> 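Dropping a structure here in structure tokens format, bear with me for questions.
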Amino acid sequence: MSEGTTPSTTKPARVRYAPSPTGDPHVGNIRTAVWAWLHARHTSGQFLVRIEDTDQSRKQPGSEERILASLEWLGLDWDEGPDIGGPFGPYVQSQRLPLYHAAVERLLADGNAYPCFCTPEELDALRERQRAEKRPPGYEGKCRVIPREEAAARAASEPHVVRFAVPDEGTTVAVDLLRGPIEVENSTLDDFVILKSDGYPTYHLAHVVDDHEMEITHVTRGDEWIPSMPRHALLFDALGYERPIFVHTSIILAPGGGKLSKRHGAKSMLEYAEDGYLPDAVLNFLCITGWGYGDETVMSREQLIDVFEIENIGLNPATFDMEKLAWLNGVYIRQTPIAELAELIARRLEVDLPPEVPRPLDRALVEEVTPLIQERIQTLAEVKDLVDFFWAPEVPVPAAEEFLQKKWKDRAEAASFALARSADVTDALDPFEAAPLEEQLRALADELEVKAGDLFTLIRLAVTGRRVSPPLFETMEIVGQGVCVDRLRAASAYLAG
RNA sequence: GGCCCAUUCGUCUAGCGGUCUAGGACGCCACCCUCUCACGGUGGAGAUCGGGGGUUCGAAUCCCCCAUGGGUCACCA
């Protein structure tokens, strides 16, 4: 450990990432997981994954798998979870029903909860009335006054939910690590449902029971949970559990401000992988949006773990800066060892190159091309457009206007001649290597009395078919002597009319 | 509407009472490097710290009010 707080002085934390399997995790959501993971690793504690599937109707098939795949892609490893189990399993809430029922029984027995027989229709009507009378919405305790025995008897046969009995008076103070104490009048809290009529607990109950059972030290979650934190605190208290440390993180905004949308970065984690971003870059980026460490911007996974302090997380909603992510990704691409990058590029090209190109791709060629484009790409998705001509059996000669610009404007004949001479020089070179090739072609430019750059533009167009390419001579060396000569001659003939 | 949260360059942030005429990064502009594009280098524009009151010898940093933005008021999480 170099800098930062030495983990030995901090108690190991047990933190969890507790998504509900209702879709693919998005950046805002995953960023909370990143911070939680970092905190666990920083304190040499544990990071666990728990699936919160207490709403059967919203469950989406495959979601759990993609959630885990997202974490895996980012390199966030978990010590306990639905797939690997652990000492506090199972890690899926729908498999822990007995635990919640036991908690409800205790609450019922202690008078901290009561069955409620109101129907959804009645509750809707209540809300309607409250709205019309401009009164605050919320359950008003109709079933709370039913005598205990009567309630128990009815509960045996009638459909019902169980509500937590919030104290009528007093205030509840709950502490958020980042914001300090948050105080709420109990009178503004209604008797919320803790057990649904289908026998499943609500989030409120389930997370309190689980976080206690799993010995979670820090409850990290989005700040949309702040308003219900006091209810959770009350539940922890009523069950005789020690309250965990609450950490609420702010949301991520879309570029224009406002909520993140599909258009603006709210893609699932796995889509970033498809878009050619590197896991370390995304991790770094996510971590520094909403949190900062002095003047540091580019930080490795190890540095991040070393230096990350959960209490320094920022409070204001951060805007998702796509351009900065792209830049950062470029930084990581440039830092990647060539062999490793070539591997990534090869895999990318296998899917991006047109189907006519024979597979598997020539690895040796990929490895030759990689150093030429390493500092020219920000994402793997940009590779194809930059290098596809290396694999194209034919490179069509660009239109005449492409050649006849600037110095060559209205000089088709001169351009054609320059190309023909370039072909000769190229053809005569032996061995065919970049350095001597450049030397010879520069000499040719002198001879033709044109600027080297102007000659090279012509050659680039003829050989690669485009005005922008990786460095010319290295490119030509890879393309090969014969092919280069052919393309130069073809372009020359084309311009000659 | 009630309750709650937030507010430093366009953006992400540093800052935790004096070292701030506010630092870094992305983006932007200029120049340099240069065969194109990039990379890299140098320099520049860019926030009187949302506004107004306090507290203090001294405030971006503490307190209050206001404004703005956001969240939340389900048998969803």
Side-chain angles (χ1 to χ4, degrees), chain A residues 18-22 52-55 57-58 93 116 118-120 123-124 127 130-131 134-139 159-163 176 178-179 182-185 187-190 192-204 206-207 221-230 248 250-251 253 255 257-259 285 288-298 312 314-328 330-331 334 372-378 386 438 441-442 445 451-461 464 466-473 475:
Chain A
S20 59
T22 54
E52 311 226 317
D53 62 343
T54 53
D55 185 350
S57 65
R58 295 208 314 155
Q93 289 186 327
C116 169
C118 296
T119 64
L123 296 174
D124 283 344
R127 270 189 288 274
Q130 289 166 329
R131 204 160 55 83
K134 291 193 165 45
R135 280 155 49 214
Y139 188 68
H160 64 280
V161 299
V162 175
R163 289 180 184 274
D176 175 90
L178 308 177
R179 305 157 222 263
I182 290 172
E183 199 177 313
V184 172
E185 296 287 330
S187 60
T188 67
L189 265 26
D190 72 349
F192 55 99
V193 174
I194 55 176
L195 189 70
K196 298 183 272 186
S197 57
D198 63 2
Y200 279 75
T202 58
Y203 169 83
H204 305 301
H207 109 265
R221 69 217 322 191
D223 67 3
E224 68 269 22
W225 290 108
I226 291 178
S228 42
M229 174 172 61
H248 292 97
S250 59
I251 59 164
L253 264 24
K259 268 200 160 168
F285 176 75
I288 63 168
T289 110
W291 176 84
Y293 179 68
D295 286 347
E296 300 295 322
T297 301
V298 182
N312 288 142
L315 296 176
N316 38 340
T319 304
F320 195 79
D321 190 347
M322 289 281 233
E323 295 195 313
K324 193 165 187 173
L325 204 214
W327 164 80
L328 231 202
V331 171
R334 273 170 253 131
L372 266 39
I373 61 171
Q374 180 166 220
E375 61 190 29
R376 273 164 252 270
I377 53 172
Q378 290 192 312
L386 213 48
E438 173 169 8
L441 289 173
R442 280 188 188 280
K451 287 207 298 195
D454 292 327
L455 207 220
F456 297 166
T457 297
L458 247 34
I459 299 174
R460 184 189 318 280
L461 243 10
T464 71
R466 57 191 71 179
R467 318 190 63 81
V468 172
S469 80
L472 225 210
F473 312 106
T475 296

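All values below were derived from every heavy atom in this structure, side-chain atoms included, with hydrogens, water molecules and symmetry-related copies excluded. Just so you know, these numbers come straight off a predicted model, no measurement behind them.
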> Could you check if a side-chain atom of A:Lys324 sits within less than 4.5 angstrom of a side-chain atom of A:Thr289, using non-hydrogen atoms only?
no

> Looking at A:Arg58, is its backbone amide N or carbonyl O close enough to the side chain of A:Thr22 to form a donor-acceptor pair, meaning the two atoms are under 3.5 Å apart?
no

> Just wondering, do A:Val161 and A:Ser197 contact through their side chains at under 4.5 Å, heavy atoms?
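The answer is yes; the side chains approach within 4.5 Å.
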
> Which nucleotide sits closest to the side chain of A:Val161: B:C75, B:G70, B:C39?
B:C75

> Could you tell me which nucleotide pairs with B:C49 by Watson-Crick or G-U wobble geometry, both distances under 3.5 Å, or answer none if nothing does?
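Checking every strand shown, B:C49 finds no partner, since no pair has both distances under 3.5 Å.
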
> Does a side-chain N or O from A:Lys196 land closer than 4.0 Å to OP1 or OP2 of B:C76, or not?
yes

> Look at the side-chain N and O atoms of A:Ser469 and state whether any lies under 4.0 Å from the OP1 or OP2 oxygen of B:C37.
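No, A:Ser469 has no side-chain N/O under 4.0 Å of OP1/OP2 on B:C37.
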
> Give, for atom OH of A:Tyr293 and atom CG of A:Asn312, the distance between the pair rounded to the nearest 0.5 Å.
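If I round to the nearest 0.5 Å, the distance is 10.0 Å.
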
> I want to check one thing: is the phosphate of B:C37, taken as OP1 and OP2, less than 4.0 Å away from some side-chain N or O of A:Arg466?
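Looking at the OP1 and OP2 atoms of B:C37, neither is under 4.0 Å from any side-chain N or O of A:Arg466.
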
> Just to confirm, is there a sub-4.0 Å distance from OP1 or OP2 of B:A77 to any side-chain nitrogen or oxygen of A:Thr54?
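Checking B:A77 against A:Thr54, a side-chain N or O does come within under 4.0 Å of OP1 or OP2.
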
> Check whether any side-chain heavy atom of A:Leu189 lies under 4.5 Å from a side-chain heavy atom of A:Pro230, and answer yes or no.
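A side-chain contact under 4.5 Å exists here.
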
> How far does OG1 of A:Thr54 sit from CD of A:Gln93, to the nearest 0.5 angstrom?
5.5 Å

> Tell me whether the side-chain N or O atoms of A:Arg179 pair up with the base of B:C5 as donor and acceptor below 3.5 Å, since no angle test is needed here.
no

> Using purine N1 to pyrimidine N3 plus N6-O4 or O6-N4 for Watson-Crick, or N1-O2 and O6-N3 for G-U wobble, both under 3.5 Å, which nucleotide pairs with B:U19?
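Base partner found: none.
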
> Given that A:Ile288 and A:Gly138 both sit by RNA chain B, which one's nearest nucleotide is further toward the 5' end?
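Nearest-nucleotide comparison on RNA chain B picks A:Ile288.
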
> Looking at B:U13, I'd like to know if its phosphate oxygens (OP1 or OP2) sit under 4.0 Å from a side-chain N or O belonging to A:Asn312.
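False: A:Asn312 side-chain N/O out of range (4.0 Å or more) of B:U13 OP1/OP2.
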
> Hunt down the Watson-Crick or G-U wobble partner of B:G1, both distances under 3.5 Å, from any strand shown, or write none.
B:C73

> Which value, in whole Å, describes the distance between the C1' atoms of nucleotides B:A60 and B:U13?
14 Å

> Do A:Thr188 and B:C3 have a side chain to base donor-acceptor pair shorter than 3.5 Å?
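Between B:C3 and A:Thr188, which were checked side chain against base, a qualifying N/O pair under 3.5 Å is absent.
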
> Figure out the CH2/C1' separation between A:Trp225 and B:C73, and round it to whole Å.
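After rounding, the reported distance stands at 13 Å.
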
> Do A:Phe285 and A:Trp327 have side chains that approach each other closer than 4.5 Å (heavy atoms only, starting at C-beta)?
no

> Scan every strand shown for a Watson-Crick or G-U wobble partner of B:C28, both distances under 3.5 Å, and answer none if you come up empty.
B:G44

> Searching all strands shown, indicate the nucleotide that pairs with B:A59 (Watson-Crick or G-U wobble; both distances under 3.5 Å).
none

> Could you tell me the separation between the CD atom of A:Glu375 and the C1' atom of B:G40, rounded to a whole number of Å?
8 Å

> Within the 4.0 Å heavy-atom criterion, would you say A:Ala452 contacts the bases, only the backbone, or no part of the nucleic acid?
nothing

> Return the orientation label for the A:Trp225 and A:Tyr203 ring planes: parallel under 30°, perpendicular over 60°, tilted otherwise.
parallel

> With heavy atoms under 4.0 Å as the rule, sort A:Arg127 into base, sugar-phosphate or nothing.
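Sugar-phosphate only.
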
> Find the distance A:Met322:CE to B:G10:C1' and express it as a whole number of Å.
17 Å

> Below 4.5 Å, heavy atoms only, C-beta onward: do A:Tyr200 and A:Asp55 meet side chain to side chain?
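The answer is no, as the side chains (C-beta and beyond) never meet within the 4.5 Å cut-off.
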
> Once each nucleotide of nucleotides 23-34 of chain B is scored for protein heavy atoms under 4.0 Å, what B/S/- sequence comes out, 5' to 3'?
BSBBS-------

> Flag the pair A:Glu438 / A:Pro471 as yes when at least one side-chain heavy-atom distance between them is below 4.5 Å, and no otherwise.
no

> In whole angstrom, what separates A:Asn316's CG from B:A60's P?
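After rounding, the reported distance stands at 19 Å.
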
> A:Arg131 CZ to B:A74 P: how many Å, rounded?
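Computing the A:Arg131:CZ to B:A74:P distance gives 12 Å.
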
> Taking atom types as they are modelled, would you say the side chain of A:Arg376 forms a donor-acceptor pair with the base of B:C37 within the 3.5 Å cutoff?
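Between B:C37 and A:Arg376, which were checked side chain against base, a qualifying N/O pair under 3.5 Å is present.
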
> Between B:C35 atom C1' and A:Leu455 atom CG, what is the distance in whole Å?
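Rounded to whole Å, this separation is 10 Å.
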
> Going 5' to 3' along nucleotides 42-50 of chain B, which nucleotides have protein heavy atoms under 4.0 Å from the base (write B), which only from the sugar-phosphate (write S), and which from neither (write -)?
---------

> How many whole angstroms separate atom CG of A:Leu386 from atom P of B:C39?
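A:Leu386 atom CG is separated from B:C39 atom P by 12 Å.
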
> Do any side-chain nitrogens or oxygens of A:Arg221 fall under 4.0 Å of OP1 or OP2 in B:A77?
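For B:A77, neither OP1 nor OP2 has a side-chain N or O of A:Arg221 closer than 4.0 Å.
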
> When you compare B:G43 with B:U55, how far apart are their P atoms, in angstrom units rounded to a whole number?
44 Å

> Looking at B:U7, which nucleotide sits across from it as a Watson-Crick or G-U wobble partner, both distances under 3.5 angstrom, or is there none?
B:A67

> Side chains of A:Thr475 and A:Leu372: does their closest heavy-atom pair fall under 4.5 Å?
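Counting from C-beta outward, A:Thr475 and A:Leu372 do come under 4.5 Å.
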
> A:Pro471 near the nucleic acid: base, sugar-phosphate alone, or nothing, with a heavy-atom cut-off under 4.0 Å?
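Contact class for A:Pro471: base.
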
> Round to a whole Å and report the spacing from CG of A:Leu372 to C1' of B:C39.
13 Å

> Is there a side-chain contact between A:Lys451 and A:Phe456, using heavy atoms and a 4.5 Å cut-off?
no

